[in-house]
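Naming: A, B, ... by sequence-line order, numbering from 1 per chain.
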4 protein chains.
Amino acid sequence: MSINKVILVGNLGKDPELRYTPSGVAVATFSLATSERYKDKSGEQQEKTEWHNIVAWRQLAEICGKYLHKGKQIYIEGKIQTRKYQDRDGNDRYITEIVADQMQMLGGRGDEGSSGGGGYGRQSSAAPRGDQRPAAGGGQKREPSRDDFEEPPFNPDDDIPF
Amino acid sequence: MSINKVILVGNLGKDPELRYTPSGVAVATFSLATSERYKDKSGEQQEKTEWHNIVAWRQLAEICGKYLHKGKQIYIEGKIQTRKYQDRDGNDRYITEIVADQMQMLGGRGDEGSSGGGGYGRQSSAAPRGDQRPAAGGGQKREPSRDDFEEPPFNPDDDIPF
Amino acid sequence: MSINKVILVGNLGKDPELRYTPSGVAVATFSLATSERYKDKSGEQQEKTEWHNIVAWRQLAEICGKYLHKGKQIYIEGKIQTRKYQDRDGNDRYITEIVADQMQMLGGRGDEGSSGGGGYGRQSSAAPRGDQRPAAGGGQKREPSRDDFEEPPFNPDDDIPF
Amino acid sequence: MSINKVILVGNLGKDPELRYTPSGVAVATFSLATSERYKDKSGEQQEKTEWHNIVAWRQLAEICGKYLHKGKQIYIEGKIQTRKYQDRDGNDRYITEIVADQMQMLGGRGDEGSSGGGGYGRQSSAAPRGDQRPAAGGGQKREPSRDDFEEPPFNPDDDIPF
DNA sequence: TTTT
DNA sequence: TTTT
């Protein structure tokens with residue numbers, strides 16, 4: 001009964017960090033800058049930069065770790081999530097992050113060495129093959145199969161029944 | 001390298017139609033009204049209604065066919081698609097549709113008999129069980145498995161490594 | 001060169017708080033819950049609620065203060081913003097908020113006494129008339145004029161030139 | 001009580017066409033391609049391109065006419081609208097268009113001579129100054145004023161009252 | 001054809 | 001703190 005959706009287009013502040021949970025699940029984190037220009041009261045153009053903490057899991061994490069780098073312009077779709085943690089003094093702290101479920105590289109053609117292309121996330125079986133994961137328990141990754149294609153733009157074997 | 005995303009909140013003009021392709025793939029179609037209020041030049045409040053052709057496939061089609069009905073308010077996320085077809089005279093015609101990949105029932109609380117709830121689409125394994133499909137070739141439906149869960153809000157077995 | 005957009009559909013946890021800055025600008029704040037259902041590893045249905053801090057300014061603030069209340073289901077469109085503040089001990093803290101620029105009441109039909117209707121935000125001149133602001137400097141509110149209408153769905157005085 | 005929102009990232013198929021209505025209102029039209037990669041049943045990578053008819057009005061039209069050109073990658077936010085017209089034979093035809101209300105140039109830094117920058121649409125007073133409109137009735141364009149600034153990321157004169 |  |  002609810003929607004929690006974030007859409008960002010911005011640039012990476014640093015290269016992503018790719019880590020693995022104890023059970024071998026890939027997690028990529030990076031910060032993404034979005035900048036807003038606005039006129040202040042005196043009519044001056046001002047710019048304000050917002051930094052977003054992005055988190056990607058599993059296959060999307062590995063794609064981020066492999067293809068993204070500092071300065072790259074990307075599109076991110078995901079959801080907002082606030083996580084509680086304890087600081088050094090044991091006090092509760094909260095951090096708000098964007099959990100990505102789609103990522104697209106933008107800014108095209110030979111832009112800084114990115115081979116780029118495609119959109120990544122969810123079902124997307126367009127993802128690069130070959131498992132970059134280190135030895136790890138893993139398990140959650142399911143095997144792609146022949147039937148595993150995406151929502152078809154059209155279905156050559158089927159007559160559209162309307 | 002591109003994004004094609006539509007977000008609609010509106011009401012169904014009629015009950016959905018649920019059909020099946022020759023190979024047994026479910027397709028639901030319905031029209032969704034969004035209404036916009038605006039002031040015209042004379043300062044009068046006006047309303048303009050836009051009708052959207054919604055198409056849903058597979059499991060989402062079946063959920064739409066089962067739970068949606070005329071008047072229901074829903075959230076739809078999907079993409080724009082223009083399809084070519086021939087009219088009775090053999091002329092090329094084009095129709096623009098929204099191919100849904102997420103649907104949420106809104107307007108809650110026992111609203112008109114909908115048992116409703118949850119959000120449907122993509123990976124969503126929250127979908128009602130039991131196959132409503134008629135005898136049909138099918139095949140594209142893959143078996144859900146234990147590893148088949150969604151992006152975890154958090155992962156109890158894993159320490160978050162950051 | 002960037003996009004920072006949030007779309008939420010959720011329910012208010014409490015009535016909004018409407019305040020005014022020293023110079024008389026209205027600010028409404030409230031928290032909005034979005035809930036996600038997911039299957040955990042053991043196949044159990046779980047629910048996780050996310051709480052979003054919403055901030056609305058000016059006319060939209062006043063509409064929120066006037067029409068929204070605890071439990072109401074709304075659509076919010078806005079942007080993510082992280083604000084720094086000092087806690088009681090003088091330590092820097094950060095809070096992430098959604099600065100709303102559009103709000104729509106959902107869930108319809110005489111739902112809990114809301115007179116409701118319309119969509120509010122930006123140019124929207126559909127907003128209730130009559131100034132609810134207390135005596136205050138103000139100033140930023142500009143006067144609506146005859147030319148002040150919104151993007152017209154169509155323009156009766158103009159032939160569309162294509 | 002409804003939402004009609006489209007978000008596109010794609011490339012212009014041609015230079016925009018900038019026209020004016022009899023009363024002098026600027027209208028820009030252009031087509032925008034979004035491409036989707038997907039795997040077909042035989043496992044082959046396929047690409048399908050969708051062409052969107054974009055319409056922009058007034059100031060946004062002039063910015064599009066001035067800064068956009070064939071091939072440029074942009075972000076568009078707007079709404080879906082289906083318009084009825086008569087073909088040469090007097091038959092009713094329908095065309096679906098995206099009425100833009102925000103546009104952002106993407107793909108950055110000196111990309112093909114675009115001076116670029118900023119986001120355009122709505123209140124955005126960041127728009128280039130100087131009126132490119134030919135002699136024309138006009139009228140709907142309101143004069144920007146000192147009070148005409150956008151939603152402030154923060155307000156230096158005001159203490160945030162929460 | 002919906003809804004407010 | 002909401003809602004289903």
Item to check | Under 3.5 Å donor-acceptor pair, C/Thr49 side-chain atoms to F/dT2 base atoms | outcome: yes

Next on the checklist: Which residues pass the side-chain hydrogen bond (donor to acceptor under 3.5 Å, both in side chains) test with A/Glu97, not counting sequence neighbours?
Outcome noted: A/Arg83

Checklist entry - Among all residues two or more places apart in sequence or in another chain, which pass the salt bridge (Lys or Arg N to Asp or Glu O under 4.0 Å) test with C/Asp89? => result none

Checklist outcome for this item: Output field dot_bracket for DNA chain F (Watson-Crick or G-U, both distances under 3.5 Å, | for other-strand pairs) contains ....

Checklist entry - Which nucleotide sits closest to the side chain of C/Arg37: F/dT4, E/dT3, F/dT1? => result F/dT4

Checklist outcome for this item: One should read off an interatomic distance between B/Lys39 NZ and B/Lys41 NZ, to the nearest 0.5 angstrom, of 13.5 Å

Item to check | Side-chain donor/acceptor of C/Ser31 to base of F/dT1, under 3.5 Å | outcome: yes

Checklist entry - In terms of side-chain heavy atoms, does C/Gln86 have a donor or acceptor partner in C/Asp92 at a distance below 3.5 Å? => result yes

Checklist entry - With a non-hydrogen cut-off below 4.0 angstrom, is C/Thr34 in contact with a base, only sugar-phosphate, or nothing? => result nothing

Checklist entry - So, B/Ser31 versus B/His52: side-chain donor-acceptor pair below 3.5 Å or not? => result no

Checklist entry - C/Gln104 side chain to C/Ile76 main-chain N or O, any donor-acceptor pair under 3.5 Å? => result no

Checklist entry - Considering only side-chain heavy atoms of C/Asn11, which listed nucleotide, E/dT4, E/dT2, F/dT2, is closest? => result F/dT2

